[in-house]
Structure formats: structure tokens, C-alpha cells
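Counting from 1, the numbers follow the sequence of the chain as shown.
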Amino acid sequence: MKKIVGILSAAAVLATSVFAADVSAATKISGSLFGYDADKNVTLLNERDDSHEYAQPNMTFSASDEKAGATIKLTTHNYGGDNRGVLLREQTIWFKPLDALKLTVGNFDVALNKEQIDWTESVTGLGGNGFLATVDVNGITLDAGFEAHEGNWLSKKDGEDDPAIKAFFLKAGYSADFGSIGAYVKFNGAENKFKAAEDKADAATKAAGGDAAKIAKAIADYEADVLAAMNAPHTTIFQPKDGAISSTQFGVGYKNTFDPITLFVNFVGFMDDKFEWIRPELYVSGNVDALGFQLFAAPLIIVDSDVKDGLDAKDISPIFFEALAKVTYKIDEVTTYAYFKDANLLAKDFAATIKLGAQGNLGAMGWNIWAQIDAAEKTGFSVPVEFTFSF
């Protein structure tokens, strides 16, 4: 451990002396003190230093000065048994050839407005891997992003009419005394998950052979798959057409603070040959003395008539209503909180996650412990815990 700290300290000194930059790192370890899952399994004292590439990274290193900067995010990954290794989750290098122009290569994270309870990838999330150009002049910001990870952004074979184009977006924003407004349009940023869910449900229904229980399960699985698709970013529920531009997503948003409340409103739409869905998003947060509150509500409304007919046939509402809420109360150096999340308030069967917990700091270490109820047809209960350390 002393050797690792020595190496990090030397790296920080070297970076500071050579680049006049800040270097920071942090690590996170999570686990569970107690667990009782939906299958009635009881567990005690579980430790997970394996955050996987899709979770918060274990280690983040960053360095920057006025003209350039870089970020590297690492996570430990368990490949099975004792076979563990360090995984490069993402890396970014940015530089400013001009004061008003910033160019980013690697991973970038752009969004219209994001809820700040789970910090999940919103449907308005425009992040990706590739190339990003940002112009910032007098409160006006323009972004142009091109996803080009592990492949060309544009490619065209000789003799083909249309090129193959990966996702790209244009975003504009303006900040002033009245708040911040923004708008974007993204092309080809969709995955066709709805058709796969429908095919799976049809196959399961046919295989049920008239068994009412199996048919009910096929419909329940279908609803879960559609719900997952609706809550996944950049998802299309319609078969994309051929051509250079196969889908278009667009959004507008407004954000402002009215002391002590901060709020934003987004309006997002998705179309292929015709409109498929619209999704309004509302986020409100604020503090009154030691009491804090956050609320996020986002109904996704399917407007495509063909898709609505398919949902109606399976008695599923064409509206998927996501809701998130968190209330905090600070007592000295400890913050207690209550949390509620339901991916679809309008679902026939109730399913939600409820947390009651506390978090704080002990020196440079942050801690978080909570009791969690995963309420569904079968309910689970656990007591997760997280430790973070910055150095």
C-alpha cells in the first residue's frame, strides 16, 4: 500500500511540476451487510470491489491546465473465480486550439438536462465515444458530437447509394438571467428493442399451448421487456428504415433556480417515418434549512398507432410513467434520506425500490448505508453499504 501511495504521490508531483495541473484519484468499494432476495436466499457480509464498466469507476485520474486536459477511469473487474483485473472504463483528452473552441477525443458526456437523484443516463443523454466540438461564446454554447468508437463514423462502399452513418448530434444552449434554454437533434441514436420483445412474447405464447399460467407469464415478461426498452436511452420501438439517416430524436429544455427551488423541464420526441413517442420530463429540487427534496417525473407516451394497437392487444397502457423521489435531512455531519423509485407507476403490478439510509464522512472517507426494499410480486430486502475515499 505504501508503494502505491508513493507512486501516486510521485505522479502527482511530476504532473504538477511539468503540466502545472491538478491530479486526483478516488476509489469506491460497495457491498451488503445483509440480504434477503425474492427467492428467499439469506446472505451476510458481501463485499464487491467489482464495479464493472457500466457502474461508477473505482479509480478516476484527471489532469488539466488552461489549454488541455485528460481523464482516465478504471474499474476492477471480476472475470470469474479469482481472475480479477483492472479494466479501462473510459478515457478522454480535450484541448483548446482557441479560447472559444474546445475539442474532445474519446468519451464525452453531453445532455439537455439530467436528474440529480440517480444521475442515470437520461433519454436526453447525448454521451458517447468519438469526437466532440464545443463552441462557447457569451453564454451561447454549440456542441457537435460524432460517435466513432471501434468503427468509422461514416463509411460507404463503392456502388452503394447511401453511406452507413453512426449516431451524431447537434446541440445549442443559451444561459442568461432568465435561466438556461437548450435544444438538440440526434440522428441514428436508437436501438430497435421493441420488435425483439414482441417476437419473444409471441413465441412464448405459442409455446404455452393454451396454458393460462404460461400465457400470463409471457405477457408479464413482454411488459417488463417493453418497460425496459422504454426506459433505455435512445430506444426505438419501430423498425428503422434503411438509409443514411434511419431515426431522429429531438428535445428542448429549460432550467432555472427560484430560490430555494431549482427545476428543469424537458420535452423529448422520437420519430422514424412518423412520430413514435414523446416524453415530457420534470425535475424539482430544493432545500429548506436542513431539509432537502428532489423529484423527477417522466411519462413516456407512445403515439405510434401500430405500436399502440400491439400494446392494447396485450392490455398494456401506452403510457410508461417513471417516478423518482428523494428527501434528505441533515443532522450535524450525517445526512439521513428516504428514496423511492418506480419505473412505471401505471403498470398493472406494483414494483418499486425504497431506500432508508444515512451517509456522511469520516475524515477523507465517505460512507453510505441504507435499508433497501425491492417491492414487486416477490419482495427482497437488503442492507447495502458503500465506502469512498479521495486522495
Can you check whether [X] and [Y] have ring centres sitting under 6.0 Å from each other?
X    : Y    : value
W153 : F146 : yes
F381 : Y36  : no
Y283 : F264 : yes

Distance from [X] atom [atom1] to [Y] atom [atom2], nearest 0.5 Å?
X    : Y    : atom1 : atom2 : result
L132 : F169 : CG    : CZ    : 5.5 Å
W277 : M271 : CH2   : CE    : 12.5 Å
L291 : T328 : CG    : OG1   : 6.5 Å
L103 : I93  : CG    : CD1   : 12.5 Å

Test: [X] and [Y] ion pair at under 4.0 Å:
X    : Y    : result
D118 : K341 : yes
D99  : K67  : yes
K166 : E147 : no

Same cluster or not: are [X] and [Y] linked, directly or through other Ile, Leu, Val, Met, Phe, Trp or Tyr residues, by side-chain heavy atoms under 4.5 angstrom apart?
X    : Y    : result
W94  : V137 : no
V327 : I373 : no
L356 : F293 : no

Minimum heavy-atom separation for L346 and F321, please, with both atom names.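 Minimum heavy-atom contact is CG-CB, 4.0 Å.
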Counting N and O atoms only, with roles assigned by atom type, does the side chain of N107 sit under 3.5 Å from a partner on the main chain of E90, one being a donor and the other an acceptor?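 The answer is no, because no donor-acceptor pair under 3.5 Å joins these two groups.
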I need the single residue from R279, E115, E281 that forms a side-chain contact (heavy atoms from CB on, under 4.5 Å) with E322. Which is it?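 Considering R279, E115, E281, a side-chain contact (heavy atoms from CB on, under 4.5 Å) with E322 is found only for R279.
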Does CG belonging to L101 count more than 12 external heavy atoms closer than 6.0 Å?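 Yes, enclosed.
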Cation over ring face, K326 and Y337, 6.0 Å, 45°: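 Satisfied, under 6.0 Å and within 45°.
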